[in-house]
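Structure record follows, encoded as C-alpha cells.
Counting convention: from 1, in listed order, for ligands and their atoms alike.
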Amino acid sequence: MKFRAIMGALCAAGLMCGVSAAQAAESVEVLHWWTSGGESKAVGVLKDDMTKQGYTWKDFAVAGGAGAAAMTALKTQVISGNAPSAAQIKGPLIQDWASQGVLVPIDSVAGDWKKNLPPEIDKIMHADGHYVAAPFSVHRVNWLYINKAALDKAGGKVPTTWPEFFAVADKMKAAGIQPIAMGGQPWQDLTLWEDVVLSQGADFYKKALVDLDEKTLTSDKMVGVFDTVRKIQGYFDAGRTGRDWNLATAMVINGKAGMQFMGDWAKGEFANAGKKSGADYVCAAVPGTEKSYTFNVDSFVFFQQKGQKAATPGQLALAKTIMSPEFQEQFSLNKGSIPVRLGVSMAKFDDCAKKSYADEQTAIKSGGYVPSLAHGMAQPDAAAGAISDVVTKFMNSQQDSKSAVAALAKAAKTK
Ligand code: GAL
C-alpha cells in the first residue's frame, strides 16, 4: 500500500508513471562524448525520457570532439568486464564490436524501423541480420558557418566557389576580422580536408575515400586538394593548436572570427547561445559542395551485461526511446541535426535544418549522399586512422602536396 501510495504521488508529480519496481531499480550506464553546451542539452533529453520511465541514468561522458578519447575509455571498460549498458558507436565500428560477440540484439523494439529509416542507414544498424544499434539523427558534415555581421562587412555574398571564398576571407582580414576559426585537432583537420575532397565532386569523393581507388588518390586533382587546404590554412589564427571545436564555434558566435568549417553539431552551439540562423549567422554548404551531402549518423550500441544473455529492459527502453518520433524531434532541435527517422515533421526546425533535409533528399536521388570519413562512417578504424595521420602531418608541417599524396596512397592500403 505504502509503495503504491508513493508511486501514485510520483505519478501525480509527472514522474515515473506506470513504472514497475524492477524498472525503477535498473540503472543504465551510457558512454558518450556529448559534453559541449548544445550536445549536453541534446543528450539531456534522453536522460530525462529515461528517468521519466523509471530508469536511473548513469552518465559516462568522456570529453573530446568526435570521440577518440571516448573510444579508448570504452575499450578499457569492455576489456575489464565493465561494459556500459550503451555506448555511442557508429558506422563500420558497429560491425567491429558486434564481431567481438559483446553486443546484444534489440530486434524486439525495432519492428517498424525498416520502413522508417533510409535503406543505407538501416543497413548500418545491423549485424548478422539483427538490429544491434539505434540511430539518433543525421548530421551533415559539409557546412560552412559564417557570422552574419562579418559577412556583411565582407560584401554580404555567401561564397559558393573557392575563389569566392578566398575573396571573402581577404575582405574579412582587411576589415580586421580573423577569417577562419579552426581547432587544430586531427579530426578537425580531417573534417576540413574531406570537405575539400568533396568540393571536387561526389564521384571523386566516393572513388577516393569510399573505394580508396589508387588512381584517384594519386591524381593531380588530389594534389590540388592539398594545395587548397594549404591556402585555407593561411587564414587560421596562431592559437588553433589543440583548440576544441566548440571554442572555435564560439569565436564565430562572438564575432571574433568570420567562418568555421564544421558539421551541424555546431548549430547546436549557436542555438544554445540564442543565435538565429539568417539574422546572426549563415549556414552554407562548403564551397563547391552544394549538391553533395556527407552524412554522419550517431547511434548507440548495447553491451551484454553481467549475468544477462539478452538486452535488459533498460537497454530496450533506451533503443525504443531513441527511435521514437517525439525524441527524434526534440534531440535534433538541440543537437543541430535532423531526425533520422523518416516522416518526422520538420515544422519546428530552423532554415538550416530545413535546408539540410531538402539537400539530403536531393543528394540521395543524385548520388551525392556520401559517408563522412572524418566521422567514422566511410572506413574501418585502421584505414581512417592512417589517412588522418597523413592529413595531420601535412597540416602541421611544410610538407609539399605531392609528397602528401604519395603518403596518402600508402595509408589507404592499411588494413
Ligand atoms: C561527431 C559526432 C557528433 C558531434 C561531434 C563533435 O563525431 O557524430 O554527434 O558530437 O562529433 O563532438
Side-chain angles (χ1 to χ4, degrees), residues 30-47 59-74 86-94 121 124-125 133-143 145 181-195 242-250 252 260-272 283 293-301 322 327-328 330-340 352-353 356 360 370-381 384-385 387-388:
V30 181
L31 186 144
H32 61 89
W33 65 86
W34 289 327
T35 54
S36 76
E39 289 176 331
S40 308
K41 231 175 160 179
V43 74
V45 177
L46 186 57
K47 181 186 170 183
D59 204 46
F60 190 169
V62 183
M71 291 304 98
T72 308
L74 178 63
Q88 188 184 346
I89 298 282
K90 47 187 175 162
L93 214 48
I94 296 173
I121 291 166
I124 304 172
M125 301 302 130
F136 281 82
S137 61
V138 184
H139 276 301
R140 184 189 201 179
V141 179
N142 56 311
W143 284 116
Y145 289 93
M182 180 71 181
Q185 294 173 344
W187 74 270
Q188 295 189 60
D189 290 347
L190 194 62
T191 299
L192 168 62
W193 180 80
E194 86 172 21
D195 279 344
R243 179 188 285 142
D244 286 325
W245 67 272
N246 52 320
L247 299 183
T249 308
V252 180
Q260 183 188 20
F261 293 95
M262 192 46 66
D264 46 20
W265 45 93
K267 199 160 64 72
E269 300 305 296
F270 283 98
N272 196 36
C283 57
Y293 193 111
T294 24
F295 65 84
N296 171 20
V297 177
D298 285 306
S299 49
F300 271 6
V301 297
I322 291 168
F327 173 80
Q328 289 269 318
Q330 204 47 50
F331 178 83
S332 274
L333 282 170
N334 290 319
K335 190 71 164 65
S337 47
I338 57 172
V340 65
C352 295
S356 176
E360 183 191 31
V370 294
S372 165
L373 175 79
H375 295 278
M377 304 301 294
Q379 292 296 335
D381 250 13
I387 295 173
S388 178

Q | Atom pair OG/CD of Ser388 and Gln185 - distance to nearest 0.5 Å | A | 11.0 Å
Q: Give yes if a backbone or side-chain nitrogen or oxygen of Gln88 is under 3.5 Å from a nitrogen or oxygen of ligand 1, and no if not.
A: no
Q. Any idea which atoms of ligand 1 are less than 4.0 Å away from a heavy-atom of Trp245?
A. 6 (C), 12 (O)
Q: Could you grab the distance from atom CZ of Phe270 to atom CD of Gln260, nearest 0.5 Å is fine?
A: 7.0 Å
**Q.** Shortest reach to atom 3 (C) of ligand 1 by a heavy atom, considering only Lys335, Met377, Lys90
**A.** Lys335
Q: Give yes or no for whether the N/O distance cutoff of 3.5 Å, strictly under, is met between Ala66 and ligand 1.
A: yes
Q.
With heavy-atom distances below 4.0 Å as the criterion, list the atoms of ligand 1 near Asp298.
A. 2 (C), 3 (C), 8 (O), 9 (O)
Q. Near Asn296, which atoms of ligand 1 are under 4.0 Å from a heavy atom of that residue?
A. 1 (C), 2 (C), 7 (O), 8 (O)
Q. Are any of the N/O atoms in Glu39 less than 3.5 Å from those in ligand 1?
A. yes
Q) With sequence neighbours left out, what residues match Asn246 under side-chain contact (heavy atoms from CB on, under 4.5 Å)? A) Ser36, Asp244, Glu269
**Q.** Under 3.5 Å side-chain donor-acceptor pair for His375 and Asp298
**A.** no
Q) At what distance, to the nearest 0.5 angstrom, does NZ of Lys267 lie from OH of Tyr145? A) 6.5 Å
Q) Say you draw a straight line from CD1 of Ile124 to NZ of Lys90; how long is it, rounded to the nearest 0.5 Å? A) 11.0 Å
